[in-house]
Amino acid sequence: MSVVDINGLNLSFKLENGVFPTLYDVSLSLKEGEIHALVGESGCGKSVTAMSIIKLLPKNAVITGGEIIYNGMNILSAPPSELRKLRGSEIALIPQDPMTSLNPLYTIGNQLLEVIEKDGNLTKDEAIEKAIEVLSLVKMPNPKEKLDVYPHELSGGMKQRVIIAMALATSAKVIIADEPTTALDVTIQAQIMKLLNEIKTNFKTTILLITHDLGLVGEYADEISVMYSGRIVENAPKDEFFKNTMHPYSKALMNALPSNTKDKILKTISGQPPSIQEQIVGCRFSPRCEMCDSAICGAVPLLAEKHNSHFVACHRV
Ligand SMILES: Nc1ncnc2c1ncn2[C@@H]1O[C@H](COP(=O)(O)OP(=O)(O)OP(=O)(O)O)[C@@H](O)[C@H]1O
Ligand SMILES: [Mg+2]
């Protein structure tokens with residue numbers, strides 16, 4: 001069952017010298033109790049897609065088409081009061097830098113109690129108990145003592161745990177995790193990913209995991225979408241994706257994985273992804289694509305089902 005449906009999202013950014021398309025026809029279906037990984041190089045539009053889901057976009061963003069359906073409601077046209085409700089309780093965001101969602105001036109306890117007491121039907125003692133409970137759920141050591149601690153007294157991994165605890169406190173149905181572990185070292189990264197995986201299993205939470213780390217994806221994702229320059233170029237269930245990677249860009253990403261290159265030199269994708277201001281006729285990957293055939297790739301390739309539930313946007317597949 002899908003919980004969030006992004007259908008044909010088109011978004012542009014207004015700059016001094018014009019309006020530049022940034023997301024092209026992005027469609028994603030996030031299913032209940034699944035981790036859906038959104039993968040792609042820096043600047044391809046992962047965060048803009050994520051922020052569209054809670055409609056927290058920069059002022060110069062213009063949505064030119066599409067809808068995002070949650071609970072039968074189009075988030076993109078929802079009134080501000082509905083959006084506030086959604087962000088506060090149903091859809092939680094775990095950002096790359098936890099300090100952007102923790103207030104340095106308040107203790108962890110204050111910040112947890114604020115979201116817990118939003119419901120309004122708990123006594124103070126019950127709310128404190130709940131705060132300790134969610135901190136235990138995220139395996140915070142000495143949860144009770146942590147209530148009196150300020151964010152700066154915690155490590156990066158511990159701050160991320162607090163943010164995940166806040167999502168649990170509101171019983172969020174959807175967690176958008178935008179590179180939640182990029183700022184953390186590898187062992188902590190694994191702990192946070194394990195935690196998100198447990199939350200998915202225990203609470204049937206739907207998780208959008210944004211990352212450029214295909215290794216992480218292989219371990220934890222149920223479904224994968226690969227984005228290139230504002231377009232979803234491939235989408236498939238995890239096993240199918242790894243068994244049968246089809247898009248030349250996805251293949252290049254796979255080849256760049258250290259485990260696939262063994263002692264060989266790490267193969268990187270030559271060239272740079274285009275900026276949003278760069279006009280490209282047809283397939284936006286074509287200038288970097290080893291399989292490009294100028295006779296056909298000058299037309300925009302649309303996402304099409306090439307195999308069971310396996311969608312690819314490429315004329316050459
Ligand atoms: N406020 C803005 N004004 C103009 N362009 C923007 C703005 N915000 C983002 N962009 C551009 O939109 C594109 C997508 O940005 P986005 O932040 O979604 O990338 P990303 O995939 O999340 O990258 P990263 O992996 O580095 O976080 C980029 O080319 C970026 O430069
Ligand atoms: Mg980003």
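Note that ligands are numbered from 1 as they come in the structure, with each ligand's atoms numbered from 1 the same way. By convention here, the first residue in the shown sequence is residue 1. Predicted, not measured: the structure shown is a model, and the values here were computed from it. No hydrogens, no waters, no symmetry mates; every other heavy atom, side chains included, goes into these values.
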Report task. State plainly whether the residues Lys139 and Glu198 are in salt-bridge range, i.e. N to O under 4.0 Å. Result -> yes

Query raised in the report: Step by step, would you call Ser42 with His212 a side chain to side chain donor-acceptor pair (under 3.5 Å)?
Result: CA-CA 8 Å; Ser42 186; His212 46 247; over 6 Å; no

Report task. Give the residue, atom name and distance (to 0.1 Å) of the protein heavy atom nearest atom 16 (P) of ligand 1. Result -> Val48 CG2, 3.8 Å

Query raised in the report: For atom 31 (O) of ligand 1, is the nearest protein heavy atom under 4.0 Å away?
Result: no

Query raised in the report: Does at least one non-hydrogen atom of Met51 fall below 4.0 angstrom from an atom of ligand 1?
Result: no

Query raised in the report: Is any NZ, NE, NH1 or NH2 atom of the basic residue among Glu223 and Lys238 found under 4.0 Å from an Asp or Glu carboxylate oxygen of the other?
Result: no

Query raised in the report: Does Ser275 have a heavy atom less than 4.0 Å from any atom of ligand 1?
Result: no

Query raised in the report: So does Glu240 have more than 12 non-hydrogen atoms from other groups sitting under 6.0 Å from CD?
Result: yes

Query - Location of contacts on Glu179 toward ligand 1, heavy atoms closer than 4.0 Å - result: side chain

Query raised in the report: Are any of the N or O atoms of Thr49 closer than 3.5 Å to those of ligand 1?
Result: no

**Report entry** Pairwise side-chain contact, Met291 with His247, heavy-atom cut-off 4.5 Å (strictly under)
**Finding:** no

Query raised in the report: Between Asp222 and Lys31, is the closest basic N to carboxylate O distance under 4.0 Å?
Result: no

Query raised in the report: Is the distance between the ring centroids of Phe285 and Tyr228 under 6.0 Å?
Result: yes

Query - Residues Glu278 and Arg284 bridged, charged N to O under 4.0 Å - result: no

Requested in this report: Look at atom 25 (O) of ligand 1 and say which protein heavy atom is nearest, naming residue and atom and giving the distance to 0.1 Å.
Outcome: Lys46 NZ, 2.8 Å

Query raised in the report: With distance as the sole criterion, is a donor-acceptor pair present between the side chains of Thr206 and Glu32 under 3.5 Å?
Result: no

Query - Top protein contact for atom 28 (C) of ligand 1, by heavy-atom distance - result: Gly43 O, 3.4 Å

Requested in this report: For atom 26 (O) of ligand 1, find the nearest protein heavy atom and state the residue, atom name and distance (0.1 Å precision).
Outcome: Ser42 OG, 2.5 Å

Query raised in the report: Can you find an N/O atom of Pro58 closer than 3.5 Å to an N/O atom of ligand 1?
Result: no

Report task. Step by step, work out the side chain to side chain donor-acceptor pair (under 3.5 Å) result for Ser47 and Asp178. Result -> CA-CA 7 Å; Ser47 294; Asp178 192 353; 2.6 Å; yes

Requested in this report: Please write down residue, atom name and distance for the protein heavy atom closest to atom 1 (N) of ligand 1.
Outcome: Asn60 OD1, 3.2 Å

Report task. Please work out whether the ring planes of His152 and Tyr150 are parallel, tilted or perpendicular, with thresholds of 30° and 60°. Result -> parallel

Query raised in the report: Any N/O/S of Ser47 under 2.8 Å from the Mg ion (ligand 2)?
Result: yes

**Report entry** Proximal ligand 1 atoms for Thr22, defined as those under 4.0 Å from one of its heavy atoms
**Finding:** 12 (O), 13 (C)

Requested in this report: Around atom 8 (N) of ligand 1, find the nearest protein heavy atom and jot down its residue, atom name and distance.
Outcome: Phe13 CZ, 3.5 Å

Report summary line: re atom 17 (O) of ligand 1, the protein heavy-atom contact at minimum distance is Ser47 CB, 3.7 Å

Report task. Measure the distances from the heavy atoms of Gly40 to every atom of ligand 1 and state whether one is below 4.0 angstrom. Result -> no

Query - Within-cut-off N or O pair, Ile276 and ligand 1, under 3.5 Å - result: no

Report task. Please work out whether any backbone atom (N, CA, C, O) or any side-chain heavy atom from C-beta onward of Leu15 is under 4.0 Å from ligand 1, and answer side chain, backbone, both or neither. Result -> side chain

